[in-house]
Amino acid sequence: MEYQPNKIEAKWQKYWEQEDLFRAENFSKKPKKYILVEFPYPSGDGLHVGHCRSYTALDIIARKSRMDGYNVMYPMGWDAFGLPTENYAIKTGKHPQEVTKKNTDNFRRQMKSLGFSFDWSREINTTDPEYYKWTQWIFLQLYKKGLAYKEKMPINWCPSCKIGLANEEVVDGKCERCGMEVEKREMEQWMLKITAYADKLIEGLKDVDYPERIKEQQINWIGKSEGAEINFKGVHFDGKSEIEYDIPVFTTRLDTIYGVSALVLAPEHPIISNFKFQISNWKKIEKYIKKASKKSEMEKKDAKKEKTGVPLVGFSAINPFTGEKIPVWIADYCLANYGTGAVMMVPAHDERDFVFAKKYGLDIKEVVAPVEIDKGIKTITEAYTDDGILVNSEEFNGLVSRDARVKMISYAESKKFGRKQINYHLRDWVFSRQHYWGEPIPILYCEKCGEVAVPEKDLPVKLPDVKKYEPTETGESPLANIKNWVNTKCPKCGGKAKRETDTMPNWAGSSWYFLRYTDPKNNKVFADKKLLKYWMTICPASQKECNKGGVDIYNGGMEHTTLHLLYSRFWNQFLYDEGLVPCSEPYGKRTSHGMVLGEGGIKMSKSRGNVINPDNVVEKYGADTLRLYEMFMGPFGDAIPWDTKGVVGVKRFLEKVWLLGEKVNDQAPNPNDQLKRLLHKTIKGVTEDIDNFKFNTAISKMMILVNEISKEKEIPATYYMLLTTILSPFAPHIAEEIWERSSLKLRTPRKSIFEQKWPAYNKELAKDDEIELVVQINGKVRDRIPASADITEEHARELAFASEKISKYIEGQNVKKVIFTGKLVNIVV
RNA sequence: GCCGCCGUGGUGAAAUGGUAUACACGAGAGACUUAAAAUCUCUUGGGAGAAAUCCCGUAUCGGUUCGAGUCCGAUCGGCGGCACCA
């Protein structure tokens, strides 16, 4: 009978749903396993084949884990707040909620058609007031602890559209919609103090099983650097008298302080606007600041781009170590949002400073000499940026850089003009958006009481209906126009109050959703404590409570490494400190998938017209083929181009498996020993490959087995059923169908294949009994000799030296060394 | 630019520091067929040779090692992130 996926797939999807086979059971006696994939943003384009890839992979893990005896939770939900839906609403006038409903319905249908074993009873949606009530509640906890605060921050502003723009909407410094040059505009914004957790976020990585590259990316993003903050004395004449003030400077290279030629301020440094009227070249400075504000941070940091700057005429600074008076410049390669917004310029020992000093003719003074040479370099042709030995630094001469830094900090501390300082590259999280489609920030402004938190009993602060989804002309969110929503009473004094009209960024809802899955319908707390403990801390292996558990496996894309992954770790650590969740780290293990690219290796996009719609693939080849293909196409962690031709390969494989059913005969004689060994080897290989996320090689191993079995005239039913079982997590529909037919034939009770145990293999049979002993001369293969797998070194040497081919090479040669590795002999001559 | 990753046949790729190219696609030849499709069998990194066999080959250059696709250094090329796309 022909393999017709369309006939069997819907049948089994319905069966699984009716039998409720994938429900995660709270407090089950079985060991728990919480398997999580990043929930999607339900865009109007529908499911991307890239989504299918990671959901299939984790579905394989989930299905196999159930067969291994775990109580698995594999949930799914929607991260539905965000710009694309809002923009779509602006264009069509449809309510974002309506659009979201349509999109999530479509996503859910597509997911179901692929046979993913999600526990749909736990489905969540970040835009559901019953969900965002708790997002707002967590914000209030942060607020109460002083971790949410307001600050003026620059946003992208289009003067023609009169709206704030997301970075993505700014193309080459211009508004994506109208092409107008984008300006920076200062606006009061809600900020979250993630920097308070910088050390904890580094520290927490020690206990979790993340790929090294992810840990490294996060650590570098946080960018902890230890150094010193030194107060330079700023001096200028205001027409009547000399004014003095401190200009703090952060440096990790205090050892180079005797080589400072100038002080450089960021264009946004407060000193500049404070003393605006005393700067004699103000016009020039103003022009420079305006130009700099248009540059992106990337442009400013670019070491290859020309460095520019303007001196602050009449201003100077005093180096507290030397007492020397040095000029003060402003330059945009000094960034306002890192350190103190002021840096000391040491041209001899910093590349950017060197280029800058050369261009503007500033002093270049060597103060650190390379350790190995001490030639007294006269003309410096490039910056020496490594540590070395101090020269030209008075009492610190002769010290190595590291010691010099320690001594210099003590000196600065004793003289009270400096101290040890740790700086982070990490910046606080801008948490305000002037958009409609996000969680309203639950804050009120009372005429008498000032800023007031919305009482918890009044949550959620629901999004009101609006007519227009565009922001207002003042740059405020569209909510500002809904007067009867904005105007409210102060919960403290009952007086007049206005609501905050900013909404939260899309990242808010996704920063804690993994907690909600444990108890998705609770309306008293964000999740029940006992359920959090059960799902987040019970170690599946020991069934005992431990603090390292959290989600057992969390899969997502590399693109989320420094934002979502860090933000959600921050929220969880905060909730842990508040005693609200039982583990400090949310995810015990992190894995990541590679992107699915279009044919030819370019990104899939509507504009390129190379988007593959999973619906079409399912219709043409079946869900099992799509699943299997996406797992077979390459290593799970790598980006891989789609290849429609490649799909037929796995379809043929499934057809082959299907047709094997015709050869099954329970009276069949046991196949030969080699095939039996291959079967056990395959079970072992597939088991290990799934556990190691090596799905592509697991499939190739099954292909090899099927190719071998196909050569037999008759196949015992046990072989066929074992093969089907190890295939079942990959291609669940065909496996169920084969299992049912085999069960009927064997008259065993009908039960889902997913209620079966994962097969064990015989360790002895899974080993090779014969090998080809490889004989090398100087590392080059010269002969292969069949031998027993447990050959001794002595015997292997005998065989090697007895070989005719080998004797050719060693005749008249001096054998220096013989290396034996168990299956290889290397003779060094 | 900075941080992280990757580079192997015509293509997707496989390979605990130990036989480079498993598995699959494509291509070529053949079988079956009136024919086509499907299916099955064989060939398929480059070069030399009638063959046995030999030489070269994992982006480039160099190093470590008995032995390097794998480890180290440099270079070139590609991808992800760079804080308001998610």
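Just so we're clear, the structure is a prediction, and the values are computed from it rather than from any experiment. Order of the sequence lines sets the chain letters (A, B, ...), proteins ahead of strands, with each chain counted from 1.
Checking C82(B), A86(B), U53(B) against the side-chain heavy atoms of N506(A) singles out A86(B) as nearest. The side chain of L563(A) lies closest to A83(B) when the candidates are C56(B), A83(B), G4(B). Comparing atom distances between the E559(A) side chain and each of C84(B), C5(B), G81(B) picks out G81(B) as nearest.
A stem is defined here as three or more consecutive Watson-Crick or G-U pairs, each with both distances under 3.5 Å; for RNA chain B these stems are B:1-7 with B:76-82, B:10-12 with B:23-25, B:26-31 with B:39-44, B:45-48 with B:53-56, B:59-63 with B:71-75.
Atom name P, nucleotides A31(B) and G10(B): the rounded distance is 29 Å, in whole Å. Atom name P, nucleotides C56(B) and A68(B): the rounded distance is 13 Å, in whole Å. Rounded to a whole angstrom, the distance from the P atom of C85(B) to that of A22(B) is 45 Å. Spacing between A37(B) and C32(B) at atom C1', rounded to whole Å, works out to 13 Å. A distance of about 38 Å separates the P atoms of A29(B) and G78(B), rounded to the whole Å. Here the separation of G73(B) from C84(B), taken at their C1' atoms, is 41 Å to the nearest Å. Taking the P atoms as reference points, G12(B) lies 22 Å from C61(B), given to the whole Å. Rounded to whole Å, the C1' atom of G9(B) lies 14 Å from the corresponding atom of A24(B).
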Each nucleotide of nucleotides 6-28 of chain B classed B (base within 4.0 Å of a protein heavy atom), S (only sugar-phosphate) or -, in 5' to 3' order, makes ------BSSS--BBS-BBSSS--

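Annotation: Y567(A) is in aromatic contact with W429(A) [ring centroid separation under 6.0 Å]. Taking the ring centroids of F693(A) and F695(A), they lie under the 6.0 Å cut-off. Ring pair F81(A)/Y132(A): centre-to-centre distance below 6.0 Å.
Using a 30° and 60° split on the angle between ring planes, H564(A) and Y554(A) fall in the perpendicular class, above 60°. W571(A) and F431(A) have tilted rings, their planes meeting at an angle from 30° to 60° on a 0 to 90° scale. Using a 30° and 60° split on the angle between ring planes, W658(A) and Y3(A) fall in the tilted class, from 30° to 60°.
Rounded to a whole Å, the CD atom of Q217(A) is 7 Å from the P atom of G4(B). If you take CG of D502(A) and P of C84(B), they are 13 Å apart, rounded to a whole angstrom. Rounded to a whole Å, the NZ atom of K663(A) is 10 Å from the P atom of C40(B). In this structure, H564(A) atom NE2 and G81(B) atom P are separated by 15 Å, rounded to whole Å. For the pair D428(A) CG and C84(B) C1', the interatomic distance rounds to 16 Å; values are reported in whole Å. Summarising the geometry, the separation between CE on M595(A) and C1' on C5(B) is reported as 12 Å, rounded to the nearest angstrom. As rounded to whole Å, 14 Å separates atom C1' of C84(B) from atom CD of E297(A). When the C1' atom of C84(B) is taken as reference, atom CZ of R433(A) falls 4 Å away, rounded to whole Å.
Residues T100(A) and W78(A) have side chains that never bring a donor and an acceptor to within less than 3.5 angstrom of each other.
Looking at heavy-atom distances under 4.0 Å, R213(A) makes contact with sugar-phosphate atoms alone, never a base. Looking at heavy-atom distances under 4.0 Å, S510(A) makes no contact with the nucleic acid at all. Residue-level contact check: K780(A) touches the backbone only, with heavy atoms under 4.0 Å from sugar-phosphate atoms and none from bases. Across all strands, H48(A) comes closer than 4.0 Å to no nucleic acid atom at all (heavy-atom distances). Across all strands, K603(A) comes closer than 4.0 Å only to sugar-phosphate atoms, never to a base (heavy-atom distances). Across all strands, I827(A) comes closer than 4.0 Å to no nucleic acid atom at all (heavy-atom distances). Across all strands shown, Y88(A) has no heavy atoms under 4.0 Å from either base or sugar-phosphate atoms. If you check every strand for non-hydrogen atoms under 4.0 Å, L597(A) touches nothing.
Judged by distance alone, with hydrogens and angles left aside, the side-chain atoms of K663(A) form a donor-acceptor pair with the main-chain N or O of E712(A) at under 3.5 Å. Side-chain atoms of D350(A) never come within 3.5 Å of backbone atoms of A383(A) as a donor-acceptor pair (strictly under, hydrogens ignored).
Annotation: cation-pi geometry not satisfied between R352(A) and Y333(A) (NZ/CZ under 6.0 angstrom from ring centroid, within 45° of ring axis). The cationic group of K694(A) does not satisfy the cation-pi geometry with F636(A), failing either the under 6.0 Å distance to the six-membered ring centre or the 45° limit from the ring axis.
In this structure, G601(A) and I214(A) both approach RNA chain B, and ranking their closest nucleotides by distance from the 5' end singles out I214(A). Positionally, the nearest nucleotide of RNA chain B for T562(A) lies more toward the 5' end than for the other of T562(A) and Q189(A).
For E811(A) and K808(A), the salt-bridge test fails: no basic side-chain N is under 4.0 Å from an acidic carboxylate O.
Glycosidic torsion of G9(B) falls within 90° of 0, placing the base in syn.
Here Y210(A) does not reach the OP1 or OP2 of G4(B): none of its side-chain N or O atoms lies under 4.0 Å away.
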